[in-house]
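A short write-up of the structure that comes next.
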Amino acid sequence: MARRAPEDDPAQDAPEVHPPHHAAAGVPAVLHSLRMAGAQMGPRRTLSTLLKVNQQNGFDCPGCAWPDPDHPHTAEFCENGAKAVAEEATERRIGREFFAAHPVADLAERSGYWLGQQGRLTEPMLLDQETDRYVPVSWERAFDIVAEELAALGSPDEAAFYTSGRTGNEAAFLYQLFARQLGTNNLPDCSNMCHESSGSALVETLGVGKGSVSLKDLHQADLIIVAGQNPGTNHPRMLSALERAKRAGARIVSVNPLPEAGLERFKNPQTPRGLVGGGTRLTDLFLQIRLGGDLALFRALNLLLLEAEEKEPGAVLDRDFIDRHCHGFDDWAADARTATSWDAVLAATGLPEQQIRELAELVLGSRKVIVCWAMGLTQHKHSVPTIREVVNFLLLRGNVGRPGAGVCPVRGHSNVQGDRTMGIFERPAETFLDALGREFRFAPPRHHGYDTVDTIRAMRDGRVKVFFAMGGNFVAASPDTLATEAAMRRCRLTVHVSTKLNRSHAVTGARALILPTLGRTDLDRTSKGKQFVTVEDSMGMVHASRGGLRPPSPQLLSEVAIVCRLARRVLGPENPVPWEDFAESYDLIRDRIARVVPGFEDFNTRVRAPGGFALPHAPRDSRSFPTATGKANFTVNPHTAPEVPPGRLLLQTLRSHDQYNTTVYGLDDRYRGIKDGRRVVLVNPDDARELGLADGAYTDLVGEWSDGVPRRAPHFRVVHYPTARGCAAAYYPETNVLVPLDSTADTSNTPTSKSVVIRFEPDSGTA
Ligand SMILES: Nc1nc2c(c(=O)[nH]1)N[C@H]1C(S)=C(S)[C@@H](COP(=O)(O)OP(=O)(O)OC[C@H]3O[C@@H](n4cnc5c(=O)[nH]c(N)nc54)[C@H](O)[C@@H]3O)O[C@H]1N2
Ligand SMILES: Nc1nc2c(c(=O)[nH]1)N[C@H]1C(S)=C(S)[C@@H](COP(=O)(O)OP(=O)(O)OC[C@H]3O[C@@H](n4cnc5c(=O)[nH]c(N)nc54)[C@H](O)[C@@H]3O)O[C@H]1N2
Ligand code: SF4
Ligand SMILES: [Mo]
């Protein structure tokens with residue numbers, strides 16, 4: 001199990017540790033981003049490329065799904081956006097010589113960091129099993145191979161088509177059309193591991209699985225609760241919005257086991273005050289909650305609101321809204337009154353009762369409330385009930401569907417929300433399939449497909465034999481690394497449409513293809529001229545993205561072209577979909593989207609307007625709720641909290657400041673004071689003392705789960721860190737080996753990456 005990385009692959013297990021920071025951004029962020037971008041792109045390309053990020057005629061930042069302001073600054077990007085751009089627009093290249101020099105066994109020994117640092121992929125490659133090396137292959141031959149393997153399947157459901165959330169709307173729409181014309185709904189995506197719990201909870205309670213607020217709402221709110229999210233690292237420009245709200249008088253509450261620097265104080269690099277002054281203090285109240293304690297917190301908060309209403313009827317709850325627009329209030333209230341136990345709340349949250357009362361007072365003093373959240377709320381067993389309880393909280397005072405108020409699940413990948421809107425979903429709505437079938441004159445499959453976890457199970461059991469990925473790094477991002485790798489190796493064929501090398505190219509099926517593609521920053525030109533793609537941000541704004549850089553190699557095809565050529569090859573010349581025309585003119589694809597997907601009427605015209613357009617959102621626009629009851633649903637969510645046996649801690653697996661999911665940009669986590677290493681485990685000093693874990697000691701992390709399978713992540717440096725008691729933190733994907741495949745959220749089936757029970761065992765050596 002223990003292995004030593006090759007000489008030129010820096011060891012990531014000898015970090016320097018400094019005290020955590022208390023403010024985010026400022027001058028160091030600017031310098032840091034320029035340094036990283038300069039190293040990948042050189043000074044000229046750095047400047048010209050970065051000035052096109054998030055501009056009207058530029059490209060959408062591939063960093064995250066945070067929306068752009070109406071009036072962008074000249075430099076409308078953040079430190080991590082710059083890193084995401086640099087990672088893609090790098091001038092480093094890898095071609096056939098690289099693959100000739102590195103057998104797959106060698107690639108499999110490398111760190112994800114090293115793989116990503118090699119540069120952009122430049123030509124299609126096929127794994128040659130004889131020599132254990134990738135060799136060049138023509139596009140024609142590559143598509144033939146996929147077609148042969150698909151034709152050999154007993155059923156189209158023996159193939160799975162994964163999507164990561166960077167893929168633009170046009171490619172996503174065609175990709176799902178291709179899968180459904182083939183006859184399967186096996187369309188797992190990164191969302192299954194990400195905000196699926198938000199979608200599940202919001203569809204059931206509000207009727208729309210997306211956030212209900214715009215940037216303007218955020219600017220106008222009186223109270224913003226940020227729970228389970230680290231925007232300073234993962235959505236840095238959200239800090240500008242929080243700063244603006246704060247200046248307008250909003251209060252900000254952060255709910256997090258970690259005191260994240262970005263939520264404490266923000267030094268806005270776009271303002272002189274941010275560059276030279278002390279910046280803006282953001283958080284008014286910090287609730288240092290235990291992992292998985294949020295359901296208990298919101299239950300308690302809601303009970304306090306109910307009690308306040310009972311003391312002063314009519315003064316607290318929005319009775320008019322509840323009566324007119326909601327369903328299930330009485331059942332909810334009966335449960336809240338009788339079944340909330342303060343002992344259970346205090347144990348689950350680890351918070352003093354006084355702090356929860358303080359939060360309730362803030363709520364009572366605020367007319368317009370928004371709750372923002374990310375992975376800290378979505379990756380637990382009880383995530384769906386937790387988010388449903390957040391909805392109860394907002395409904396009580398009518399905080400949905402009016403300015404300055406609402407739900408704000410902050411999405412991750414830059415087009416993950418758009419991909420879902422385009423039909424990348426293993427459980428599509430009947431109405432969507434009806435429209436798709438009508439438009440393209442075919443009968444889409446109606447039975448549900450596999451999500452990410454079910455795809456892994458199916459590959460493991462030999463029920464899925466061809467795995468195709470439109471972007472992403474399935475092997476490293478998925479839970480239970482060893483189980484996922486074994487599943488992947490059982491496939492007959494694995495195919496990755498990718499921009500950069502990653503671990504999923506090194507752990508493959510019997511046959512494997514790497515299909516290199518254009519990224520967001522690349523110019524996409526066809527016989528019909530320059531093409532652009534479109535994306536949807538976390539707040540339902542759709543806009544155009546135009547890459548401008550000369551592609552890394554003339555051999556690359558766009559994602560759209562890859563889908564079109566593959567579909568034609570697999571579905572045959574008789575297939576009536578005009579794949580060839582779509583590949584040349586993306587306007588033709590948008591015309592079809594306009595006819596199939598509600599809200600995209602007149603797509604081609606509206607998306608050309610500066611700033612794009614907003615998709616409809618019934619609860620936000622008209623306080624109508626397309627749920628099963630036709631109203632916004634209050635739901636009863638019984639108390640649940642993770643149980644941790646004595647001598648164990650609950651581990652969350654999270655992101656450092658120098659990574660984008662499985663892409664590691666560098667080895668520092670600046671705000672948390674970690675430098676030059678990633679194998680660290682953050683432990684509360686009091687827990688560490690009880691467990692005999694000295695700061696600086698090395699330890700193995702061993703996962704505990706009811707299936708009894710041993711799961712070990714060796715050789716982590718202990719860092720005494722001010723996290724909540726009973727909780728630990730370590731980076732993903734190094735710790736994915738500890739997340740059991742079958743430990744998933746109820747309803748959404750999302751892996752429980754934020755609650756893994758671990759024990760500590762003596763260091764077994766190098767990782
Ligand atoms: N630079 C950069 N940007 C990114 C990404 C990236 O990797 N790098 N990834 C993108 C993607 S795909 C996504 S989904 C988002 C992820 O954005 P985040 O969700 O912010 O990412 P995580 O690092 O997983 O951080 C989870 C946060 O929730 C807290 N937390 C964990 N468990 C709990 C809990 O039980 N309760 C509460 N209240 N808090 C908890 C953690 O302490 C941490 O602050 O970011 C996107 N943006
Ligand atoms: N333990 C643990 N596991 C997690 C999480 C966690 O918090 N903890 N978070 C989960 C979450 S929120 C998510 S979203 C998933 C992420 O899962 P994925 O989306 O599968 O993973 P990424 O690391 O974002 O994928 C990076 C790869 O995408 C490719 N790529 C980049 N840009 C493009 C492009 O424009 N086109 C194409 N075709 N390819 C491109 C590159 O080859 C790069 O190596 O991981 C999940 N896994
Ligand atoms: S906040 Fe996200 S989308 Fe905006 S510039 Fe930063 S990384 Fe890019
Ligand atoms: Mo995500």
Side-chain angles (χ1 to χ4, degrees), residues 25 29 33 50 53-54 60-69 72 75-85 87 164-166 189-196 198 225-241 254-263 287-295 297-298 348-349 372-380 382-383 386 409-414 416 472 477 520 535 537-538 641-642 650-665 669 671-672 682 723-724 727 729 731-733 750 752-755:
S33 55
L50 289 182
V53 186
N54 297 329
D60 177 65
C61 174
C64 74
W66 190 252
D68 303 329
E76 197 53 68
F77 58 90
C78 67
E79 174 188 353
N80 281 342
K83 290 186 212 162
V85 169
E87 183 76 17
S164 165
R166 270 200 195 171
D189 69 349
C190 67
S191 197
N192 298 145
M193 299 184 266
C194 183
H195 265 293
E196 199 67 64
S198 308
I225 300 177
V226 183
Q229 193 198 349
N230 178 23
T233 285
N234 298 314
H235 305 91
R237 281 189 315 151
M238 178 172 167
L239 300 187
S240 317
S254 39
V255 184
N256 203 307
L258 298 173
E260 304 285 24
L263 285 167
L287 301 187
Q288 187 161 31
I289 199 165
R290 290 198 168 158
L291 289 168
D294 305 81
L295 173 56
L297 171 66
F298 278 93
T349 60
C372 302
W373 72 88
M375 298 304 99
L377 256 54
T378 65
Q379 298 176 333
H380 294 282
H382 57 304
S383 283
T386 300
V410 183
R411 301 277 163 171
H413 266 298
S414 52
V416 63
R520 277 292 161 73
V535 292
D537 66 33
S538 197
L650 200 59
L651 176 79
Q652 62 156 321
T653 60
L654 81 181
R655 293 153 174 81
S656 84
H657 194 62
D658 267 2
Q659 76 182 81
Y660 193 86
N661 298 338
T662 68
T663 299
V664 175
Y665 303 134
D669 192 4
Y671 298 148
R672 298 195 185 108
L682 314 183
T723 177
C727 305
Y731 303 131
Y732 129 77
T750 294
T752 59
S753 305
K754 297 291 188 273
S755 43

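Counting starts at 1 for both ligands and their atoms, in listed order. Side-chain atoms are counted along with the backbone in the values below, which use heavy atoms only and exclude waters and symmetry mates. Model, not experiment: these values are computed from the prediction.
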What's the shortest distance from [atom] to any protein heavy atom, and which residue and atom give it?
atom	value
atom 26 (C) of ligand 1	K754 CE, 3.7 Å
atom 36 (N) of ligand 1	D294 OD1, 2.7 Å
atom 20 (O) of ligand 1	N230 N, 2.8 Å
atom 14 (S) of ligand 1	C194 SG, 3.2 Å
atom 28 (O) of ligand 1	G228 C, 3.1 Å
atom 42 (O) of ligand 1	N256 OD1, 2.6 Å
atom 13 (C) of ligand 1	G412 CA, 3.2 Å
atom 43 (C) of ligand 1	E260 OE2, 3.4 Å

Heavy atoms only, cut-off 4.0 Å: how does [X] contact ligand 1, side chain, backbone, both, or neither?
X	result
N80	side chain
H235	side chain
R411	neither
Q652	side chain
N234	both
H657	neither

With atoms numbered from 1 as shown, which atoms in ligand 1 lie under 4.0 angstrom from a non-hydrogen atom of [X]?
X	answer
Q229	20 (O), 27 (C), 28 (O), 44 (O)
G292	34 (C), 35 (O)
L291	31 (C), 32 (N), 33 (C), 35 (O)
C64	47 (N)
V255	37 (C), 38 (N), 39 (N)
L654	23 (O)
T233	1 (N), 2 (C), 3 (N)

Next on the checklist: When you compare ligand 1 with G293, is there at least one nitrogen or oxygen pair between them that comes in under 3.5 angstrom?
Outcome noted: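 Between G293 and ligand 1 (N or O atoms, distance only) the closest approach is not under 3.5 Å.
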Item to check | Polar atom proximity, A227 to ligand 1 (N or O, under 3.5 Å) | outcome: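 For ligand 1, there is no N or O atom that lies under 3.5 Å from one belonging to A227.
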Checklist entry - With a cut-off of 2.8 Å, does C64 place any N/O/S atom under that distance from atom 8 (Fe) of ligand 3? => result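 C64 does not place any N, O or S atom closer than 2.8 Å to atom 8 (Fe) of ligand 3.
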Between [options], which one has a non-hydrogen atom sitting closest to [atom]?
atom	options	result
atom 23 (O) of ligand 1	H413, Q659, R655	R655
atom 12 (S) of ligand 1	T663, N661, V664	N661
atom 30 (N) of ligand 1	A729, P642, G376, S254	G376

Checklist entry - Can D68 and R237 be counted as an ion pair, charged N to O under 4.0 angstrom? => result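 Looking at R237 together with D68, the answer is yes, because their closest N to O distance falls below 4.0 Å.
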Which pair of non-hydrogen atoms, one from [X] and one from [Y], has the smallest distance, and what is that distance?
X	Y	answer
K754	L654	NZ-CA, 4.2 Å
E87	Y665	OE1-CD2, 3.4 Å
R166	S414	CG-OG, 4.0 Å
C190	H413	SG-CD2, 3.6 Å
G292	H380	N-CE1, 3.5 Å
C61	R520	O-NH1, 3.7 Å

Straight-line distance of [X] [atom1] to [Y] [atom2], nearest 0.5 Å:
X	Y	atom1	atom2	value
R655	T662	CZ	OG1	10.0 Å
N192	T750	CG	OG1	7.0 Å
I225	L297	CD1	CG	8.0 Å

Item to check | Name of the residue among T653, D669, D658 meeting side chain to side chain donor-acceptor pair (under 3.5 Å) with Y731 | outcome: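 Filter result, single survivor: D669.
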Should [X] and [Y] count as side-chain neighbours, where that means a heavy-atom distance under 4.5 Å?
X	Y	answer
P257	R290	no
N234	Q229	no
E196	T378	no
H195	V416	no

Checklist entry - Donor-acceptor pair, S383 side chain versus L377 backbone, under 3.5 Å? => result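 Side chain of S383 to backbone of L377: a pair is present.
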Checklist entry - Just by distance, do the side chain of Y660 and the backbone of G81 share a donor-acceptor pair under 3.5 Å? => result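 Such a contact is absent between Y660 side chain and G81 backbone.
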Next on the checklist: I need the atoms of ligand 3 closer than 4.0 Å to a non-hydrogen atom of G63, numbered in the order shown.
Outcome noted: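 Once the distances to G63 are compared, the set is 7 (S).
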Next on the checklist: At less than 4.0 angstrom from any non-hydrogen atom of C61, what atoms of ligand 3 do you find?
Outcome noted: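 Taking each heavy atom of C61 in turn, ligand 3 has 3 (S), 5 (S), 7 (S), 8 (Fe) under 4.0 Å.
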Checklist entry - Does some non-hydrogen atom of H195 fall short of 4.0 Å from ligand 1? => result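 Per 4.0 Å heavy-atom rule, H195 does not contact ligand 1.
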